[in-house]
Structure formats: structure tokens, C-alpha cells
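This report concerns only the one structure given below.
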Amino acid sequence: MKGGTFRNTQWDPTLLSSQIVSMQFCVYFTLGLLVFVASKLSGDNYSLDHLFEYHSHLIYFCFKEIHIYDLGGRLVICAFLLNAFLASLALWCIVRRAKLCLDFSCTFHVLHLLICWWYNRSFPANASWWLLNVITGTIMCIGGEFLCLQTEMKEIPVGYAALNQKSDV
């Protein structure tokens, strides 16, 4: 690494791994809480199916997939969308770099895809599931970039007044 650069960009696998685990925990924790509230408001029973299941069980005539046919499905969609905004805040608090927001958003959604694939034992084929994940990934990434850029663009104090102040650079 050359001297005189503004930020240290050395690859740190421990930091990266801990940020990925922290992001997964925060996003799934808030999503779990929001889906719990949504299921209580709609009178549904709360289960992991609301988070990970995307196909329907026609045998039981019960649709657990992402849909807009009843209040429960609409509330689950709203929970996923609201959680994308909260995930933007998590990116801002944990990652704190605008140029890494796309990487962390994609990492979260790829891991979510793998978990859903494993949970359902089949690859997601529902257009509604894919559309919702593309929208939430976009919201998460753009929101996180916006918040991180606001922090990165803060004015750095220079001059005599700056000598007596601490600056978060």
C-alpha cells in the first residue's frame, strides 16, 4: 500500500466476514420482527415459512408464497419492503462505505436465495419472489449508498478551530 492514500483499502477477511455475519443477523432479526407483527395483525400463525417459503401447498389450499390475495400476504410484502429500508440503516451502521453497499446487498440476497433454496428443496421459480427480492435489494443498496455518501461527504474541519476538535475521518 502506497503512503499518502486517504483510506486503508487492505483486504481484511476477518472484518469482511464479521460484517457479513452482522448484516445477515441484523436484517433477518428485523425481518423476523416485522413479519411477526404482520402475521399477528393478519391473524396468521407465525412461522419461518413467511420468511423463506415461496411456493404454494395446493394440497392444503394454503398459500404461503409472496402474494397480494389477502391481508396476510400484503402485510408480509410490506414487511419485506420496510425491512429493506432498515437494512439500508444497517449498511450505514455496519459497512459505512458507499462503494461497498452493492456488494453487501448482493451478498445478503444471494445468501437469502441459497437459504430459501435449501429450505424449500427447490430453486425459486415464482416471479413474485424474484420481483420482491430485486426491489428490496435495490432499496437496500441505494438507501445504504445514500446514507453512507451523506457521512462520507461531511466537511472535514481545517484550520485553527480544527486543532481543538476531534474529527471522525
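Throughout, numbering of the chain's residues begins at 1 and tracks the sequence.
Hydrophobic clustering of Ile, Leu, Val, Met, Phe, Trp and Tyr side chains at less than 4.5 Å, counting indirect connections, keeps V21 apart from L15. Note: the hydrophobic cluster containing L89 does not contain V95 (ILVMFWY, side chain heavy atoms under 4.5 Å, direct or indirect links). Each of L75 and L86 belongs to its own hydrophobic cluster when Ile, Leu, Val, Met, Phe, Trp and Tyr are linked at side-chain heavy-atom distances under 4.5 angstrom. Hydrophobic cluster membership is shared by L114 and L31, with clusters built from Ile, Leu, Val, Met, Phe, Trp and Tyr side chains linked at under 4.5 angstrom. Both L113 and L51 sit in one connected hydrophobic cluster of ILVMFWY residues. Membership requires side-chain heavy atoms under 4.5 Å apart, directly or through other members.
Residues passing the ring pair (Phe, Tyr, Trp, His ring centres under 6.0 Å) test with F25, sequence neighbours excluded: F29. For Y46, the ring pair (Phe, Tyr, Trp, His ring centres under 6.0 Å) partners two or more places apart in sequence, or in a different chain, are F36.
Between L132 and L81 the shortest side-chain heavy-atom distance falls below 4.5 Å. In this structure, the side chains of T136 and F85 stay at 4.5 Å or more apart for every pair of heavy atoms. Between N83 and V27, some side-chain heavy-atom pair lies under the 4.5 Å cut-off. You'll find the side chain of R96 stays beyond 4.5 Å of the side chain of L91, heavy atoms only. Side-chain atoms of S105 and M140, non-hydrogen and from C-beta on, do get closer than 4.5 Å to each other.
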Determine whether C101 and E145 satisfy the following criterion, side chain to side chain contact (heavy atoms under 4.5 Å, CB included), listing intermediate values before the conclusion.
CA-CA 6 Å; C101 288; E145 285 179 355; 3.6 Å; yes

If you apply the rule side chain to side chain contact (heavy atoms under 4.5 Å, CB included), what do you find for L102 with C106, and how did you get there?
CA-CA 6 Å; L102 177 62; C106 289; 3.7 Å; yes

Evaluate E152 against R97 for side chain to side chain contact (heavy atoms under 4.5 Å, CB included), listing each step before the verdict.
CA-CA 8 Å; E152 290 175 4; R97 296 290 306 273; 3.9 Å; yes

Tell me, with the steps shown, if C116 and W129 meet side chain to side chain contact (heavy atoms under 4.5 Å, CB included).
CA-CA 10 Å; C116 289; W129 186 88; 3.9 Å; yes

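Within a 6.0 Å sphere centred on CH2 of W130, other residues, nucleotides and ligands contribute more than 12 heavy atoms.
A donor-acceptor distance shorter than 3.5 angstrom exists from the side chain of Q19 to the backbone of I94, with no hydrogens or angles considered. Counting only distance, with no hydrogens or angles, the side chain of E53 and the backbone of N120 share no donor-acceptor pair below 3.5 Å.
Aromatic rings from W92 and F104 are positioned such that their centres are separated by 6.0 Å or more.
A donor-acceptor contact closer than 3.5 angstrom is absent between the side chains of S128 and N126.
Between F52 and Y119, the two ring planes are tilted [angle within 30° to 60°].
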